[in-house]
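We number each residue from 1, following the sequence as shown. Counting convention: from 1, in listed order, for ligands and their atoms alike.
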Amino acid sequence: MDAHPAPANLVQALRLRLPSWLPAALAVAVGYYLAARLGFALTLKPHPISTLWPPNALLAAALLLAQTRSWWWLLLAALPAHLLAELQSGVPTAMVLGWYVSNCGEALIGAAIVRAFVQGPLRLDSLRNAAIFLLGTALAAPLVSSFVDAALVHLIGWGDAAYWELVRARFFSNVLAELTIVPLIVTWAAVATSTPHETRPARYAESAALFTGLLLVCVLVFDLPHREAHASPAVYYAPLPFLLWAAALGPAASASALALMTIATIWGAVHGLGPFAGRTPQDTAREMQLFLTAATVPMLLLSVALAERSRVEREAREQRRQLTHLSRVAMLGELSGGIAHQLNQPLTAILSNAQAAQHYLANKNADPALLSEILADIVAADKRAGDVIEGLRALFKRGEAHFETLDPNRLVREVLALAQGDLATRGIEVSMRLQPNLPEVRADRVQLEQVLLNLVVNAAEAMRACPPKDRLLIVQSTATAGRIHVNVIDRGSGFKVSPEQLFEAFYTTKPQGLGLGLSISKSIVTAHGGRLRATTRRGGGAAFLVTLPALPKQ
Ligand code: ADP
């Protein structure tokens with residue numbers, strides 16, 4: 001046995017013995033104490049109630065992020081911090097304990113309401129969650145706890161403020177704290193625990209510019225002496241562009257920007273600066289609370305709405321990508337018989353060439369020139385097989401879109417080479433009518449191959465019932481001003497429905513069909529800035545025309 005465990009093992013052993021809530025409890029204790037100090041620093045003297053009282057909100061955020069079974073430990077962890085912070089301020093012990101109870105009550109009510117509707121740690125990533133947070137944690141919990149709190153103050157006989165005055169002051173102070181502190185902690189916790197992805201330097205520069213600008217504006221508006229008794233209401237709107245910018249960057253940026261503005265505003269008023277100074281402390285506190293609450297709620301909702309929309313769009317894009325890949329794989333499955341047949345040809349050639357070489361060697365009449373010719377044939381056949389597999393490999397892969405400059409005629413040839421085996425088995429003759437020197441296009445090779453392959457496979461399917469002599473597939477390429485056109489024409493059954501219906505997802509007339517090929521092809525072509533159109537031909541059959549913007553000729 002190893003008497004001296006390695007340090008890593010020791011850390012692991014210690015971690016095993018530590019309860020999982022302990023780090024969170026320690027963080028709550030330290031955070032609560034610092035939040036209380038901040039609360040005192042933001043108190044308007046001699047007004048006894050802070051404009052913003054952050055410890056309760058910090059406690060609420062901790063509960064919202066923790067598992068329900070650790071809640072009691074976290075509330076307990078706040079007690080020493082509460083005693084340490086409050087007993088220094090000369091408040092009677094009974095009042096200090098009373099406030100601890102009402103603070104814990106507020107955090108518990110706020111967290112319990114949210115937990116009843118949202119499973120697991122709160123994430124402000126949907127309007128539903130944001131609404132539950134606003135109504136439960138930022139409105140209902142401060143409302144209930146401020147009645148209890150004011151009653152306790154009255155019972156203990158601390159101060160001489162009227163009951164309703166206490167309720168009102170305490171309510172607004174806590175609403176503002178919940179609105180400022182909880183989103184800040186919850187959104188940054190989500191950032192910290194999300195899967196890390198590379199943040200571009202431009203994003204850091206943008207955030208730096210935003211927060212520097214906001215800080216400057218806040219200092220100018222809220223932290224400088226105001227000469228006039230009442231500042232023009234216009235000054236309150238000065239931070240708005242920065243707050244909107246932050247909302248566009250996401251809930252974490254928005255919560256941070258709002259917290260910055262809140263602290264700057266209150267700090268100014270506490271030091272007799274900015275547009276809110278110069279009134280009674282009660283009036284100053286009330287005006288600031290109303291102003292900051294009115295700014296915070298819509299900005300938070302806006303940032304969450306924008307983030308939710310971009311998340312939904314991201315998910316939809318990913319699903320479309322998966323669907324495109326799935327339908328491509330399904331189509332390759334349809335072609336597999338033909339591809340096997342196509343691979344068989346070079347393999348057979350390799351075998352017969354190799355057998356011939358063996359024969360010459362066995363009879364000791366191998367002419368080196370002949371052997372070299374046989375080997376060249378083997379290499380060529382091997383390359384042909386390799387090309388088929390290479391073409392397939394790219395189509396099977398599910399990768400990001402990769403735009404490159406492509407020759408449309410080459411694309412058509414590659415697609416027909418891939419489908420050649422299938423077309424031959426179906427007895428379909430192919431006529432390639434490609435206009436030479438077509439301008440190039442900028443496109444994703446795999447996606448365009450998917451479109452063309454889909455049109456070719458559909459055309460082949462449509463000619464299944466045709467007499468063998470009519471099974472003709474024409475692939476035509478042409479160019480007009482600034483555009484290239486690829487037309488896939490068959491002499492099959494044609495279609496009876498409108499072209500719009502043909503391109504609808506899940507429209508299919510085939511027993512095993514998915515009905516996705518044409519709708520995906522259309523969205524691919526549209527994403528390339530082009531158009532995909534279908535027409536029936538008078539003499540029978542259908543024509544599908546792909547039009548793409550052409551690159552200017554070099
Ligand atoms: P799927 O091939 O799985 O049915 P598609 O979206 O590729 O899905 O095609 C949808 C339907 O459009 C087909 O089932 C068929 O009825 C019709 N269609 C497509 N191409 C042709 C064509 N060349 N000729 C006649 N009908 C066609």
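The CZ atom of R311 sits 13.0 Å away from atom CZ of R309, with the distance rounded to the nearest 0.5 Å. L300 CG to L179 CG: the interatomic distance, rounded to the nearest 0.5 Å, is 7.0 Å.
Note: F403 and H528 meet the aromatic proximity criterion, with ring centroids under 6.0 Å apart.
Polar contact with ligand 1: absent for F495 (N/O pair, distance under 3.5 Å).
Given atom 26 (N) of ligand 1, the protein heavy atom at minimum distance is G494 O, 3.9 Å. Protein heavy atom in closest approach to atom 2 (O) of ligand 1: K510 NZ, 2.6 Å. Here the protein heavy atom with the shortest distance to atom 23 (N) of ligand 1 is D490 OD2, 2.9 Å. Scanning all protein heavy atoms for the shortest distance to atom 16 (O) of ligand 1 gives T509 OG1, 2.4 Å. Scanning all protein heavy atoms for the shortest distance to atom 8 (O) of ligand 1 gives G515 CA, 3.3 Å. In terms of protein heavy-atom proximity, atom 4 (O) of ligand 1 is closest to T508 OG1, 2.6 Å. Given atom 20 (N) of ligand 1, the protein heavy atom at minimum distance is N458 CB, 3.3 Å. For atom 17 (C) of ligand 1, the closest non-hydrogen atom of the protein is L502 CD1, 3.6 Å.
Among H325, R328, R445, the single residue meeting the side-chain hydrogen bond (donor to acceptor under 3.5 Å, both in side chains) criterion with Q450 is R328. Exactly one of V412, V475, V457 qualifies for a side chain to side chain contact (heavy atoms under 4.5 Å, CB included) with L452. That residue is V412.
At a 4.0 Å heavy-atom cut-off, ligand 1 does not touch F503 at all. Contact annotation: for V457 versus ligand 1, there are no heavy atoms closer than 4.0 Å.
The aromatic rings of F544 and F495 sit tilted relative to each other, their planes meeting at an angle between 30° and 60°.
Shown in contact with L518 at under 4.0 Å from a heavy atom are these atoms of ligand 1, numbered in order with element: 5 (P), 6 (O), 7 (O), 9 (O), 12 (O), 19 (C). Near L514, meaning under 4.0 Å from any of its heavy atoms, are these atoms of ligand 1: 3 (O). Within ligand 1, counting atoms from 1 as listed, the ones closer than 4.0 Å to a heavy atom of G517 are 5 (P), 6 (O), 7 (O), 8 (O). Those atoms of ligand 1 with a heavy atom of N454 less than 4.0 angstrom away are 7 (O).
Other residues, nucleotides and ligands place no more than 12 heavy atoms under 6.0 Å from the CG atom of N437. Applying the 6.0 Å contact sphere to OH of Y507 captures more than 12 heavy atoms from other residues, nucleotides or ligands. The number of heavy atoms from other shown groups lying within 6.0 Å of CD (Q322) is above 12. Residue-environment remark: CD (Q501) exceeds the threshold of 12 foreign heavy atoms within 6.0 Å.
When the heavy-atom distances from atom 22 (C) of ligand 1 to F544, F506, Y507 are ranked, the shortest goes to F544. Distances from atom 24 (N) of ligand 1 to the heavy atoms of G513, P499, A462, P511 show the closest one on A462.
Counted by atom type alone, R537 and T535 present zero donor-acceptor pairs between their side chains at under 3.5 Å.
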